[in-house]
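Read the numbers this way: they start at 1 and go in the same order the structure lists the ligands and their atoms.
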Amino acid sequence: MRFAGSANLFFCSDMEKLSVGIQKSGRLSEKSLDLLKESGIVLANGSRKLLSSSQNFPLKAVFLRDDDIPQYVYDSVTDIGIVGENEVLEKGHDLEIVERLGFARCRMSIAIPRDIEYKGAESLDGKKIATSYPNILGTFLAENHIDAEIHVISGSVEIAPGIGLADAIFDIVSTGSTLVSNGLKEVEVILESEAVLVAKAGLSPSKQEILDKLLFRTRAVRKSRDNKYILLNAPNDKLDEIIGVIPGMKSPTVMPLAEEGWSSVHSVLNENEFWEIIDRLRDLGAQGILVIPIEKMIT
Ligand code: ATP
Ligand code: ZN
């Protein structure tokens with residue numbers, strides 16, 4: 001009995017694990033951990049330590065600065081990483097974007113002082129542009145044959161024009177209010193970014209298998225977030241039209257109600273088309289509409 005127990009323990013601790021680089025503290029951290037948690041992966045200690053190994057899934061998380069994640073994945077220090085696409089492009093390593101994760105959305109734009117006229121990218125010719133992302137900006141300028149000077153600064157880029165350090169900036173924009181409060185206007189969107197899961201090509205077959213299992217779970221979680229379960233009562237004479245409005249995963253479940261002439265219809269709706277469909281269902285005479293969140297969705 002004791003022997004079997006210790007052999008099992010040895011197997012668990014020695015088992016190959018997939019390592020994932022996650023931002024230690026910042027805009028990506030919480031959502032990255034939530035995605036793992038909702039995928040049923042329990043990590044001890046959260047992000048308080050450098051490393052946290054899951055006891056119920058062959059994965060260990062390494063908590064890093066987001067800027068370092070592309071390099072660490074490229075150097076195989078971690079097998080995969082969750083990081084902003086902007087950082088992946090800026091660092092320029094040959095990494096594969098395995099999955100787009102839909103959070104930490106932002107855009108990267110060029111902004112100039114509000115009172116300066118902008119007539120297209122050529123207005124930037126001969127200008128000095130401050131940024132923390134010289135590679136993405138450099139690529140844009142080269143593609144558009146613009147001869148501008150790139151001035152690299154590491155933080156508070158948006159104050160550069162106000163203090164006479166630059167004529168324009170290239171930076172992350174989420175709402176645009178920081179630009180407005182610094183007297184700037186957005187003139188050119190160069191990149192739309194979101195969190196992505198990256199890997200270096202050539203993972204070992206056993207690690208690739210773990211990654212596939214992880215993706216199967218994260219996709220089910222993300223799909224469930226985008227969809228709702230819907231139940232409603234439909235008059236039988238409108239059933240075909242109502243079913244036509246909500247086709248469901250395969251086709252809706254229809255069950256007779258105890259009350260003659262009525263049926264219960266169950267299906268799945270996408271969040272994006274939700275309100276429009278509800279309105280059409282009500283117009284067709286559907287009643288008692290219930291909408292329920294879905295925990296996991298496997299198609
Ligand atoms: P670290 O200490 O890990 O280097 P950081 O300060 O560089 O953190 P955060 O501000 O946490 O990074 O941003 C991480 C990522 O979140 C960005 O690279 C970008 O992909 C995304 N992001 C989304 N919206 C914004 C925003 N409004 N400002 C900055 N980053 C944003
Ligand atoms: Zn950073």
Regarding Glu87, does it place an N, O or S atom less than 2.8 Å from the Zn ion (ligand 2)? no
Is any NZ, NE, NH1 or NH2 atom of the basic residue among Glu149 and Lys127 found under 4.0 Å from an Asp or Glu carboxylate oxygen of the other? no
Go through Asn86 and Tyr133 one step at a time and tell me if the side chain to side chain donor-acceptor pair (under 3.5 Å) criterion holds. CA-CA 9 Å; Asn86 52 318; Tyr133 293 87; 3.2 Å; yes
Within-4.5 Å side-chain heavy-atom neighbours: Leu33 and Leu43: yes
Check this for me, if you would: do Glu85 and Arg100 make a salt bridge, where the nitrogen-to-carboxylate-oxygen distance has to be below 4.0 angstrom? yes
Side chain, backbone, both or neither: which part of Arg27 has a heavy atom under 4.0 Å from ligand 1? both
What are the atoms of ligand 1, with element, lying closer than 4.0 Å to any heavy atom of Asp67? 4 (O), 7 (O)
So the atoms of ligand 1 within less than 4.0 Å of a heavy atom of Gly84 turn out to be 20 (O)
Decide, yes or no, whether a salt bridge links Glu186 with Arg107 under the criterion of side-chain N to carboxylate O below 4.0 Å. yes
Atoms of ligand 1 less than 4.0 Å from Gly26 heavy atoms? 11 (O)
Test of understanding: given a 4.0 Å heavy-atom threshold, classify the contact between Asn86 and ligand 1 as side chain, backbone, both, or neither. side chain
Below 4.0 angstrom from a heavy atom of Cys106, which ligand 1 atoms are there? Numbered from 1 as shown, please. 19 (C), 22 (N), 23 (C), 24 (N)
